Amino acid sequence: MPACLTGSGLWDRATFPRPHEMIMDVFALFHDRIGSALKSMFPDIADELLARFVVEPPRDAAHGDLSTNAAMIVAKPLGKNPREVAQALAEYFKADPDVASAEPAGPGFLNFRLNAPIWHQVLASVQALGPDFGKSDIGKGERVNVEYVSANPTGPMHVGHTRGAVFGDALASLMAYSGYDVTREYYINDAGSQIDTLAGSTFLRYREALGETIEIPSGFYPGDYLIPVGEALKAEFGDKLLTVPEAERTAIVKERVLAAMMDLIRADLAQLNIHHDVFFSERQLHGKGGDIDLTLGWLREQGMIYEGRLEPPKGKTPDEWEDREQTLFRATDYGDDVDRPLVKSNGSYTYFAADIAYHRNKYLRGFKHMVNVLGADHSGYVKRLEAAVKAVSKGEADIDVRICQLVRLMKNGEPFKMSKRSGDLVTVADVVEEVGSDATRFMLLYRRNDASMDFDFAIVKEQTRDNPVFYVQYAHARTASLFRKATDEVPAMTPVAGESVDFSTLSSSADLELIRTLAQWPRIVASAALAHEPHRVAFYLHELASAFHGFWAKGNTDVALRFINAEDSTLTKARLAMVAAVRQVLNNGLTLLGVSAPDELS
RNA sequence: GACCCCGUAGCUCAGCAGGAUAGAGCACAGGAUUCCUAAUCCUGGGGUCACGCGUUCGAAUCGCGUCGGGGUCACCA
């Protein structure tokens, strides 16, 4: 950045782009400008310090359009008084043509009011960038592996999986939009003993299909969804499987039932509009010379494994605790609470051993950033995974484990009872059928992932303001209805795509307020992506919808604020272009969340 | 016994990498449709940010501790 204040106080064009240039993020733009201002005033200032101050909308709109704490952040290390630094910055920005006023406030804030043209540029940018308004390269093209769902392939998806599925999917979209190279991955737990049980249960269904009367022992999977798999086996093999040696037969049944279960799960996910890039099978890690063998060998070379004994957990000693020497991973060296076993007493690998190998595999595939979305029952697993990734990558890779807390299903304020025994198990398909994919997704994303939540069927189905999904979609539909009306009644005043629009008539406080809300979108997306918090997008959309509904209602009492004004072509065109921008941003946000943006509500 | 998450208005929850008088929706009270979908909007009352101590110019936000709610706790997956 060149120094930009000359002796006469004139500004370098490079520092202040002219109005026709594209403005993606007003806040980022001013962050840059304030940074160069500080640099010109204090040439020795550390870049690290400049990265720390923020430019944001003040909580109280009366304080202006933008606010920065730069003076307070910078003052102390420089041995200056924050208010004086703020004052100096204020003086500096008097020459900025985009700034109407810059006033120090409180302990050293600096509040900016911007001239209307810069807000008009924001509208022009939305218009020009369309779906890309909000897109950024903060991810710098780095590869990220987002693993989510990873439900056991032993049946259709249970509603408990829905939250993680939706969360992971939205997060992946958000990160892709923010410039990460994202891979969406599903880890198929197809190697454990539950799969043997599944195969056994399926074989019973096969015999049933052949006409036998069967009884399903406890511990087996009783679900009806295995019946078609049994029938398919009959169709493929007739009764020949009965005579095949058990080992071979189990292998065949396993193969078929796993494929069938994954089809079931993929279908469930598709109903929620969720699609993965990679389905990674745990089984491929096992076997002689497989990834687990290799990984454990490698860990042993690194001295990360030893043979030793574990203390039984205090307070709640398991009944069948067997004190034995076992193969342990030095998880405590990487921040875990205890070292973790890798080999079971029967000689096979633990689930965690496979998981270490799996995450080493991710690392070797080139992922230095990993995100795992897990259910609340896995919270105790987090430190272990972090330890594994650290060990396996020698600290080069990071993993963020996002735990999705429980969802309590409600009906009219009452907990909705589910029980496996009565077959009253709620599946993803049940929920989607009941309330639809849009509402399911939005409601689950309208909460932080780490707090437990209630999901009330009654509210989700309601079409009122109580229901945020509907509220946001309604705002979008309203923009569409306006355009239908405009095209119909004042076609000459309706802006078309790519048309350059004169926004200068948008000067009322109502107009500018709405535009300021739009202008926040890029920073909201970026911060949501960095923090791995999709709910920020959902909340923003609600805020934007509210701003739009509010503007709409103002037109009811104040004719000057109507969108369509048959006497004023310039104003109407500008207003409609603003509506188009609202529509665009709503669309961009809903798309990221995987929720549709309908033009009409039924 | 240990670990993880949560504790903000009557209810459900936001509060973005500490910042200026803590926000929204519901509920409650009142108001706005000869006017672009009132499926909406506007106004109002309501909070020791669980509690205590600490760090700081400044803490709902960071640290430690206590209390309360939820989840988990060798070899299951």
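Only a predicted model underlies this, so the values are computations on that prediction, with no experimental measurement involved. In what follows, chains carry the letters A, B, and so on, assigned in the order in which the sequence lines appear, proteins first and then strands, with residues in each chain numbered from 1.
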Task: Between B/rC73 (P) and A/Trp321 (CH2): distance, integer Å - done: 14 Å

Task: A/Arg583 bridged to A/Asp599 by N-O distance under 4.0 Å - done: yes

Task: Residue-phosphate contact under 4.0 Å: A/Ser193 side-chain N/O, B/rA77 OP1/OP2 - done: yes

Open item on the list: Any side-chain N or O of A/Ser481 below 4.0 angstrom from OP1/OP2 of B/rU37?
Closed with: yes

Open item on the list: With a 4.0 Å cutoff (strictly under), does any side-chain N or O of A/Lys344 reach OP1 or OP2 of B/rA77?
Closed with: yes

Open item on the list: Please report the distance, rounded to the nearest Å, between CZ in A/Phe457 and C1' in B/rU12.
Closed with: 17 Å

Open item on the list: So if I take every side-chain heavy atom of A/Arg478 and compare against B/rC36, B/rG71, B/rU37, which nucleotide ends up nearest?
Closed with: B/rU37

Open item on the list: Taking only side-chain N and O atoms of A/Tyr471, does any of them lie within less than 4.0 angstrom of OP1 or OP2 on B/rC41?
Closed with: yes

Task: Side-chain N or O of A/Lys554 closer than 4.0 Å to phosphate OP1/OP2 of B/rC41 - done: no

- [ ] Write down the distance between CG (A/Asn372) and C1' (B/rA77), rounded to a whole number of angstrom.
- [x] 15 Å

TODO: Report yes or no: is the cationic atom of A/Arg523 (NZ for Lys, CZ for Arg) closer than 6.0 Å to the six-membered ring centre of A/Phe27, at no more than 45° off its axis?
DONE: yes

TODO: Take atom CD of A/Glu533 and atom C1' of B/rA17, then tell me their distance rounded to the nearest Å.
DONE: 11 Å

- [ ] Taking only the side-chain heavy atoms of A/Pro313 (C-beta and beyond), determine which of B/rC73, B/rA20, B/rC13 contains the nearest atom.
- [x] B/rC73

Open item on the list: Strictly below 4.0 Å, N to O, side chains only: are A/Glu386 and A/Lys390 in salt-bridge contact?
Closed with: no

- [ ] With C1' as the reference atom in both, quote the distance from B/rA50 to B/rG68 in angstrom, rounded to an integer.
- [x] 8 Å

Task: Touch class at under 4.0 angstrom, heavy-atom based, for A/Tyr351 against every strand present - done: base

Task: Aromatic ring of A/His63 stacked on base six-ring of B/rA20, 5.5 Å, 30° - done: yes

- [ ] Choose from B/rG15, B/rC75, B/rG71 the nucleotide whose nearest atom is closest to any side-chain atom of A/Leu406.
- [x] B/rG71

Task: Same-atom distance (C1') from B/rG23 to B/rU8, integer angstrom - done: 10 Å

TODO: Check the distance between B/rC26's P and A/Met443's CE and give it to me in whole angstrom.
DONE: 13 Å

Task: Rounded distance (Å) that lies between atom C1' of B/rA39 and atom NE2 of A/His542 - done: 13 Å

- [ ] Examine B/rA38: is either OP1 or OP2 under 4.0 Å from a nitrogen or oxygen in the side chain of A/Trp552? Give yes or no.
- [x] yes

Open item on the list: What is the distance, to the nearest angstrom, from the OH atom on A/Tyr349 to the P atom on B/rA77?
Closed with: 15 Å

Open item on the list: Quick check: closest heavy atoms across A/Leu310 and A/Asp323, and the distance to 0.1 Å?
Closed with: O-OD1, 4.1 Å

Open item on the list: Would you say the rings of A/Tyr186 and A/Phe280 are close, in the sense that their centroids are separated by under 6.0 Å?
Closed with: no

